[in-house]
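Just so it is clear, the model here is predicted, and its values are computed rather than measured. Chain naming here is simple, since letters A, B, ... match the order of the sequence lines and numbering starts at 1 in each.
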Amino acid sequence: MKEDNLPFFWPKTEIIYQKPKKVEKPKKDNCDLCGLFYGCQSPKMHYNGEGKKKILFVAEANGAQEDLQNNQLVGEAGQLLRMHLRKLKFELDEDGWKDNALACRPENNRTPTAREIALCRPRLMENIKLLKPEKIILLGKVAVQAVLGDRISITSIGKWVGQQIPDQDLQCWIFPTYHPSFLLRDRDNLVLEKLFYSHLRDAINWDHPFAIEYYEVGTRRYYEWPNEDLQYRLNKILETKPTIAFDYETTGIKPHANGHEILCISIADYDTEQSIVFPIFKDENFLELIKKILTDPEINKVAHNAKFEDCWTRFILGYRVQGWHWDTMLAAHVLDNREGICGLKFQTYINYGVIGYDSFIKPYIVSKSKNCNHFNRLKEVPLKDLLLYCAIDSKYTMKLYKRQKELMSVRLNKGYQLLFEGMLEFCDTEAIGIRVDDEYLIKQDKHLKKRLDRLTRKIEASKEVELWDKNRDKKFNINSSKMLQDLFINLLDYDLSKKTLKGNDSTDKEVLASLDTDFTRLILDYKKLFKIRGTYLAGFIRENIDGIMRPNFNLHTTRTFRSSSNAVNFQNIPRRDIEAQRICRRSIIPRLGRFLLEVDYSGLEVHIAACYNKDPVLIEYLEDETTDMHRDEAMNLFLLEEDQVTKEIRFVAKNSFVFAEFYGSYFVECAKNLWRDIDSLKLENGIPLKEHLKSNHISNYSTFEAHVANVEDMLWNEKYIVYRDWKKKIWADYQKTGNIKTLTGFRCGGLMKKNDVFSYPIQGSSFHCLLWSFIQLNQIAKKESWKSYLIGQIHDSIIVDVVPDEFEHIKKTVKRVMCEDVRNHWNWIIVPLSVSAEVTKTDGNWYDKEKIEI
DNA sequence: ATACTGGGCGCG
DNA sequence: AAAGCGCGCCCAGTAT
């Protein structure tokens, strides 16, 4: 009997968790390599504290006070920490130990570099080994990097804080939280303080026993077929119909290109949480058995990202999975909407302390190309390793599933179920894909290359670049914003009006447009075409296979519980710029003999906002079709009579004032944008809008800004008072509870700014109206065997590839579902919803389209 | 080579 | 005091 075929309860007494540990002995020269100890008063500080309660605190590095007193956490931040700990009857120096990521103080308290952290890590690890703490509390990102950074990449602290991790390598519990100095920088942030305190409290009071993960025990690997034991186990599944978690290893991300394969399958058992794993044997009987399992609706299936397994089953095995039951990735997202937490590796680490079991796979998963259709190198992995890896994945998927079922409240489960159903319908959408005109794409790509070359030559011949060449060594690169910055500020002596997020001078579209020279116009032209070619055309060409591209539609990525789309992103194809729209959207075409239909909800977010705030003025606007909230604000802003408000003027008022204000902007920002937007606008009678304002005593920007301030004041303090009070209330709620709950069953947590708190629920719930409708329509389409396809979704719109015969029926159904059924389903929708529609010509393209009545 | 950040820009 | 939200993807530049 080969070792791998031992019965899975075979008494393996050894601890099987034996991922080879890097033994990092502190090298003598690490301190010399770092050199920080030269520059401080208390170099190479020893850990301190009595550690009576066996808790080790790891902070970043010593500050001025610490360096002076040769003791950790004695400065202002340390005092804040002590204050909170005292509330928990915990004395830092007596009950805990203290250490830092760095033993020496960096000059001026600057943030330690990754290199310094790495050099000092062996020292810290040595201390952990020596002290054998039961718990480690990590204060801030640098501490997390120091303790976890060599095993997992730490990009932000946000997703780590508040986790309670039974770290298997260190054999102790790890509790990351913020650094107290982060609280000092934002003293009025009540939520931050509450979170910090609750993290400390939970860590100090934590009394769960530390469970060792023996993740290889019981894993059953099969290398050959036929195999009696495997046959027996698969048949047992068919007989007893348990809930299973399954996982594939495959040759790539998308299965559609020729030659892709599913390499192996693992199936985890509900009761034992153990896995069986085996390659896809090329044998009829085997394949039949697998098919029976995967298509049995009574066998509940769990997966981490079910969309992936569903997609590969369709395309490689040729049938549909029946009995989808749970998606641990979606559930992880619903339970915690912070960014980047729902991957299986992260979940496995924070829940079970197991980390790095994918390390020997990683080099083989790397694909040189961004193309999702390309092949990875998993076929080169020794089968033994690949099978083990696959088995561990499904095992932890099962464990996660069971834990999530316990954590999921009734309320959150409603939200989860919506996403789960949506995900299942998106499986169809992604399988169908979107038809593109590949020939056109290649032609346009060449054409754009020529245009870009011409523009490049013109730009290079300009006096501006001549000046650059005289003063700088490096060749001028139009795509380098740093070089543009340098050119404009240092060589051309311009004063750029706008700063980037990090406080540098911005050279974005708005700034360049305001400079308005021949040179900046060329640059803008170039940038636009470059984007069209590099992002859109290139993406469509790269991702399409035989004229079909299959964007992903995801429900696990966003803070707001909206969807996202990638590979390629179907949700940001140019529309506002007419030339960009034409070039890009001409490539998107219906199937033969069909046309595209796009149905949008009209002003959905405003309607959903009204459902939240129940502002009577807003509701009245939305109920009474003879009124128009944007027109009224245009009248206020530009001192116009009702019949003087043109479509363009209304558009500007809507986008640069009403929406901006609703999302939390304020009059200065609005006034600036409005002043820019109305520059070329005229009244019906040809009088420029700015002339009209002038004759009403608004002759320059500063009087206009003061006027907008007045209109803003009226907007919030006279008109939408209830809306204003709702904003106050929801902010107060968030400060009290640390999260906000949406009408569609979701909970948004984590650190949020004021404006986040208002917009997340509105944005999310708006999309959920669309998602609910999408689910119904796709289910109806399947039930009624439509030949037309739902091919995509853009937040508040649905795109259908329509067979002309079915058009009338589809129109009626879509309108009924989107406007009526959804209101019957959710009685919190207290305002009427309406839709508008556009169609392309039969065998036309997504650029040539016209509005229709629906 | 690879990973990450910053700036920029497309959409709702 | 702070002042619009949410995404994904492109390139340049830097660190490792």
Heavy atoms from C-beta onward define the side chain here; which of [options] lies closest to that of [X]?
{"X": "A:Arg576", "options": "C:dC5, C:dC10, B:dG12", "value": "B:dG12"}
{"X": "A:Thr558", "options": "C:dC7, B:dG8, B:dG7", "value": "C:dC7"}
{"X": "A:Asp508", "options": "B:dC9, C:dG8, C:dG4", "value": "B:dC9"}
{"X": "A:Arg562", "options": "B:dC9, B:dC4, B:dG12", "value": "B:dG12"}
{"X": "A:Asn569", "options": "B:dG6, B:dG10, B:dG8", "value": "B:dG10"}
{"X": "A:Ile794", "options": "B:dG12, C:dG4, C:dG8", "value": "B:dG12"}
{"X": "A:Lys502", "options": "C:dG4, B:dG12, B:dG6", "value": "B:dG6"}
{"X": "A:Lys509", "options": "C:dC5, C:dC9, B:dC9", "value": "B:dC9"}
{"X": "A:Thr507", "options": "B:dG10, B:dG8, C:dC5", "value": "B:dG8"}
{"X": "A:Tyr760", "options": "C:dC5, B:dG10, B:dC11", "value": "C:dC5"}

* Between the side chains of A:Tyr601 and A:Ser834, does any donor sit under 3.5 Å from an acceptor? -> no
* **Side-chain donor-acceptor pair present, A:Ser506, A:Gln485, cut-off under 3.5 Å** => no
Taking the six-membered ring of [Y], is NZ or CZ of [X] closer than 6.0 Å to its centre and within 45° of its axis?
{"X": "A:Lys159", "Y": "A:Phe346", "result": "yes"}
{"X": "A:Arg724", "Y": "A:Trp716", "result": "no"}
{"X": "A:Lys849", "Y": "A:Tyr847", "result": "no"}

When we call it a touch if two heavy atoms are under 4.0 Å apart, what does [X] touch: a base, just sugar-phosphate, or nothing?
{"X": "A:Lys528", "result": "nothing"}
{"X": "A:Ser565", "result": "sugar-phosphate"}
{"X": "A:Ser759", "result": "sugar-phosphate"}
{"X": "A:Ala567", "result": "sugar-phosphate"}
{"X": "A:Ser766", "result": "nothing"}
{"X": "A:Asn504", "result": "sugar-phosphate"}

Check this one for me: any side-chain N or O of [X] less than 4.0 Å away from OP1 or OP2 of [N]?
{"X": "A:Arg542", "N": "C:dC10", "value": "yes"}
{"X": "A:Ser797", "N": "B:dG12", "value": "no"}
{"X": "A:Ser564", "N": "C:dG6", "value": "no"}
{"X": "A:Thr535", "N": "B:dG10", "value": "no"}

* Is a donor-acceptor contact shorter than 3.5 angstrom present between the side chain of A:Gln763 and the base of C:dC5? -> yes
* Asked: What about A:Lys531: does its side chain form a donor-acceptor pair under 3.5 Å with the base of C:dC10?
  -> no
* Structure fact -> note: A:Phe570, atom CZ; B:dG12, atom P; distance rounded to Å ~ 11 Å
* Asked: Rounding to a whole Å, what distance do you find between A:Asn189:CG and C:dA1:P?
  -> 16 Å
* Between A:Phe746 and A:His768, does the ring centre distance come in under 6.0 Å? -> yes
* Structure fact -> For A:Ile798 and A:Leu770 the tightest heavy-atom approach is CG1-CD2, 3.6 Å
* Shortest non-hydrogen contact from A:Leu555 toward A:Met423 -> CD1-N, 3.5 Å
* When you measure from the side chain of A:Glu430 to the backbone N and O of A:Asn552, does any donor-acceptor pair fall under 3.5 Å? -> no
* To do: Could you run through nucleotides 11-16 of chain C and give me one letter per nucleotide, 5' to 3': B if any protein heavy atom sits under 4.0 Å from the base, S if only the sugar-phosphate is that close, - if neither?
  => SSS--S
